[in-house]
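Heavy-atom basis, side chains included; hydrogens, waters and symmetry copies ignored. All values reported here derive from a predicted model rather than from experimental measurement.
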Amino acid sequence: MSSDDRTVLLLGATGQVGHELRRTLAPLGALHTPGRDAADLSAPRTLHRTVRAVAPDVIVNAAAYTDVDGAETHPASARALNAEAPGVLAEAARAVGAWLVHYSTDYVFDGTKQAPYAETDEPGPINVYGRTKWAGEEAIRAVGGQYIILRTSWVYSARRSNFLRTMLRLADTHERLTVVDDQTGSPTWAGWIAEATGAVVQQLDGGQGKGGTYHLAARGQTSWYGFARAIFAQYGRTDVTVEPVSSDAYPTAAARPAYTVLCSSALRRTFEIDVPSWSAQLARQVQRTRDGPAS
């Protein structure tokens, strides 16, 4: 199938990853980005109508309930978006013969492993957010059909609420910051997630054997403290001092897994996608900020 013939339905187009996906999916065919009035994931059963109307070849679901602490107090909302909606989308995709590309999270793991998690490792989420995302994965698998589940990690960009933006905002009002140093992961730039997703979507035409679950996260690992130091170094913020603290210094409603580094070698082998280091991705994000959105 040529790009001229491909129809792509993108859900969650205003989020961190969704905003970047507009850029990488648009060249691949006719891109549809319905708003919440036409595709309300908080009312999952309404999604069948939208999918039938668009009749896409590929559905990319970048919508989710991502407030990890908020999910503890609003579990029903988290479940509707993260667990129920993916299953409904899988049903709708199967009905029209479409591929479903869905994003999941490193938080499906309990964080007790001390080596990068592979797709074959047993999930064991320790908070509501992780449990609802895992339930969404299982709902997709139960439906079957043509699907790709992409687990990613510590997503950041120049948009919406994320760690990078929080650090830069705090640096404008504080000379000294304390940042957690006992949680380890792989900070992953939304821009690269979108680029990798575009490469995956290009290879889905007739690619039945490529379906399944893949890790899509930056290579390497660091702590939130290490990530903060790298952010300030890249942005030239020598006016800010960062000091490490334990997670106990910042109690949160949701428990956080201590180690959620993902191994993306299966994605690299299957789709021949380069997986840059987290520091290289951060450098690209900073360059993008300096050059403007066209770079």
Side chains of [X] and [Y] only: does a donor on one sit below 3.5 Å from an acceptor on the other?
| X | Y | result |
| --- | --- | --- |
| D182 | S247 | yes |
| W189 | Q285 | yes |
| Y250 | T178 | yes |
| T24 | E20 | no |
| R159 | T14 | no |
| D181 | S223 | yes |
| R141 | T213 | yes |

So, applying side-chain contact (heavy atoms from CB on, under 4.5 Å) with V101, which one of L10, I149, L150 is it?
L150
As a test of understanding, state which of L170, L164, T166 forms a side-chain contact (heavy atoms from CB on, under 4.5 Å) with L168.
L164
Contact summary for [X] and [Y], nearest pair of heavy atoms:
| X | Y | value |
| --- | --- | --- |
| L11 | P34 | CD2-CG, 3.9 Å |
| V180 | S246 | CG2-O, 4.2 Å |
| W192 | P276 | NE1-CD, 3.3 Å |
| G198 | L28 | O-CD1, 3.6 Å |
| P125 | G130 | CB-C, 3.4 Å |
| K133 | S104 | CE-CA, 3.8 Å |

Would a hydrophobic clustering, with Ile, Leu, Val, Met, Phe, Trp and Tyr connected at side-chain separations under 4.5 Å, put [X] with [Y]?
| X | Y | value |
| --- | --- | --- |
| Y117 | Y107 | no |
| Y65 | L47 | yes |
| I140 | V96 | yes |
| W134 | V143 | no |
| F227 | L262 | no |

Would you say [X] and [Y] make side-chain contact, with heavy atoms under 4.5 Å?
| X | Y | answer |
| --- | --- | --- |
| Q16 | N162 | yes |
| Y103 | N61 | no |
| V68 | N127 | yes |
| V8 | P56 | no |
| V201 | R6 | yes |
| V245 | V179 | no |

Kindly say whether [Y] contributes a backbone atom to a donor-acceptor pair with the side chain of [X] at under 3.5 angstrom?
| X | Y | result |
| --- | --- | --- |
| T270 | L267 | no |
| Y147 | R94 | no |
| K113 | P116 | yes |
| R268 | V275 | no |
| D57 | T7 | yes |
| T132 | N82 | no |
| D121 | A118 | yes |
| E119 | Y214 | no |

Can you list the steps and then say if I148 with L100 is a side chain to side chain contact (heavy atoms under 4.5 Å, CB included)?
CA-CA 6 Å; I148 299 279; L100 173 63; over 6 Å; no
Rounded distance (nearest 0.5 Å) linking atom [atom1] of [X] with atom [atom2] of [Y]:
| X | Y | atom1 | atom2 | value |
| --- | --- | --- | --- | --- |
| E84 | L89 | CD | CG | 12.0 Å |
| T289 | Q234 | OG1 | CD | 10.5 Å |
| R36 | T46 | CZ | OG1 | 10.0 Å |
| T197 | Q202 | OG1 | CD | 11.5 Å |

Would you please test H215 and S265 for side chain to side chain contact (heavy atoms under 4.5 Å, CB included) and show each step?
CA-CA 8 Å; H215 290 171; S265 60; over 6 Å; no
With side chain to side chain contact (heavy atoms under 4.5 Å, CB included) as the criterion, how do H48 and V88 come out once you've worked through the C-alpha distance, each side chain's angles and the decisive distance to 0.1 Å?
CA-CA 7 Å; H48 280 282; V88 173; 3.7 Å; yes
Whether [Y] and [X] form a salt bridge (side-chain N of Lys/Arg under 4.0 Å from carboxylate O of Asp/Glu) is what I want to check.
| X | Y | answer |
| --- | --- | --- |
| R284 | E195 | yes |
| D172 | R237 | yes |
| E137 | R151 | yes |

What pairs of residues pass the side-chain hydrogen bond (donor to acceptor under 3.5 Å, both in side chains) test when at least one of them lies in residues 67-77, not counting sequence neighbours?
D69-R256
Side chain to side chain donor-acceptor pair (under 3.5 Å), paired with S153, selected from T105, T260, T188, D106:
D106
May I ask you to decide if the ring planes of F163 and W224 are parallel, tilted or perpendicular, using 30° and 60° as cut-offs?
tilted
Kindly determine whether R219 and W278 satisfy side chain to side chain contact (heavy atoms under 4.5 Å, CB included), including the steps that lead there.
CA-CA 6 Å; R219 181 166 43 83; W278 68 266; over 6 Å; no
Between Y259 and F109 (judged by ring centroids, cut-off 6.0 Å), do the two rings come close enough to count as a pair?
no
Check the surroundings of atom CZ in R229: do more than 12 heavy atoms from other residues, nucleotides or ligands lie under 6.0 Å from it?
no
